[in-house]
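As structure tokens, the structure follows; a few thoughts come after it.
Numbering of ligands and ligand atoms starts at 1, following listing order. For reference, positions follow the sequence shown, starting with 1.
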Amino acid sequence: MKYSEKTYRENMRIKVDYNNMMKSFVGEKEGFSDEDFKDGAKIIQKAYKSVKENRGKGMMGWTELPYNQKEVVADIIAEAKKIREKFDNFVVLGIGGSALGPIAAFQALCHLRHNELNKSRRKYPKLYVEDNVDPERMNALFDVLDLEKTMFNVITKSGSTSETMSQYLIIMDALKKKMGEKAREHMIATTSASKGNLIKIAKAEGLKTFYIPDGVGGRFSELCPVGLLPAAVCGIDIKAMLAGAAYMDKLCKEKDVRKNPALLSAFLEYRSMERGKNVSVMMPYADSLKYIADWYCQLWGESLGKAEDLEGNKVYAGQTPVKALGVTDQHSQIQLYREGPFDKVITFIGVERYRNDVVINEGCKDIPDVNFLCGHTMGELITAERKATEYALTTANRLNYTVLLPEVNEFTIGQLLYMFEMETAYCGAMLNIDTFNQPGVEGGKNATYALFGRKGYEKTKEEMDKAPKKVDKYIC
Ligand code: PA5
């Protein structure tokens, strides 16, 4: 295994370049100084201590995923092999943390046109992740699937999320109508072993089941069976992903903030929030990383957006995460980022070596304004545009920093996911909030249950009925 070699690990290490957060680059008014790190020492060390003391406990069970899944990983790899031999499609039914991680890893680590490749080139099943309850989408899925050749994976930690359970009911009904008893051979459940309805259903139906550990919340679950099974089915080396996460975990245990990438970026974001930077833009310069930004938005938004601190004081904490894609969004968003309000921190994700490249061939010899591109590669162009955008924002005094991946592969993606999880944990500790709950999401879930007449939600229904009714006056 390459990743067991020290040189490989060091060569593949993700780095955080925060030059453009410093006064000497972004200007006196907006930037940070070495003094800011000294002033912040107390809050940094408090967060460091809190994460250190809580890791592996309560809802921080995810810190142990790189280490404690030997048997689960073996089971996943064996199951994935069976699935690949029998099925052409693998469909994830889930939403939020049960969908965004699988999508992000698939986009990052599989061929960018995986589902469109012909079977001999693709080698692995097509992957679909149904993270919505749009009826048109569900009907469209039925139009492209041969149920006989499809394995479904219903994923829900709580085992009761309406969207996921409705997807499950629709699919299970279709499977039973088509193949009767054999339906169970087309459905795998990934859920909590100890609570929720899905585990009961899975047992009653005799479904193959993988478990989401109690201390692993939805948005922190990509590195457990939630993400590992779909990834393994698509041919992703999940052991390398976990090795990358373990490597990053080591870096994130560093006490010195300047050597700990997650603690460092958490502190810079935390202080930026204090200075009114209410928006965190995540802008990867690679299509493969496009959905890492979506995944990050849930992680950052749902973890840090909290009304109360740990003492119950109203704090209304959080920073609105925004996803952008380089270079695409240079042509739609950058005008705002460079000249709009000073309310953002922009995180670029750069890639040093793209997995392949395309030469811009000779042409238009008599038009120098076009010909200057010739002889370069698209890899050079996207990298130049990232650096140019960094420069343009920095000279306009806009806070930005770059997370640099040597390459996109399983080892670096494992690092990246884990680093963002750790950054979120550190930042939540600095904000003194509960990073791992989601009362706001539960509120919406409960209101849906009430509207659909679910037993136990009568009080919520009564409250909703009492809410002011919409009037035509305000509809234009
Ligand atoms: O992070 C979270 O806990 C949530 O966003 C969940 O992932 C999401 O609500 C889906 O929940 P569940 O996995 O219980 O269906």
For atom 8 (C) of ligand 1, closest protein heavy-atom neighbour: I95 O, 3.8 Å

The atoms of ligand 1 lying under 4.0 Å from a heavy atom of R219, numbered in the order shown, are 1 (O), 2 (C), 3 (O)

Is the cationic atom of R275 (NZ for Lys, CZ for Arg) positioned less than 6.0 Å from the six-membered ring centroid of F32 and within 45 degrees of its normal? yes

With sequence neighbours left out, write down each residue that passes side chain to side chain contact (heavy atoms under 4.5 Å, CB included) with P406, or none if nothing qualifies. M12, E352, R353, T412

of all protein heavy atoms, closest to atom 5 (O) of ligand 1 is Q298 NE2, 2.6 Å

Tell me, please, whether F342 has R398 positioned over its six-membered ring: NZ or CZ under 6.0 Å from the ring centre and within 45 degrees of its axis? yes

Just checking, is any N or O donor in the side chain of E442 or Q438 under 3.5 Å from an acceptor N or O on the other one? yes

Looking at ligand 1, would E163 count as a contact under a 4.0 Å heavy-atom criterion? no

Report yes if some heavy atom in the side chain of K445 is under 4.5 Å from a heavy atom in the side chain of S158; otherwise report no. yes

When you measure from atom 9 (O) of ligand 1 to each heavy atom in M59, K445, Q438, K157, which option holds the nearest one? K445

The closest protein heavy-atom partner of atom 7 (O) of ligand 1 is G97 N, 2.8 Å

Suppose we measure from atom 15 (O) of ligand 1 to each protein heavy atom; which comes out shortest, and what is that distance? T161 OG1, 2.5 Å

Return the set of residues passing ring pair (Phe, Tyr, Trp, His ring centres under 6.0 Å) with Y337 (not counting sequence neighbours), or none when no residue passes. none

What protein heavy atom lies closest to atom 4 (C) of ligand 1? Include the residue and the distance to one decimal. E302 OE2, 3.0 Å

With ring centroids as reference points, do F267 and Y426 lie under 6.0 angstrom apart? no

Would you check the N or O atoms of T164, main chain and side chain alike, for any that come under 3.5 Å of an N or O of ligand 1? no

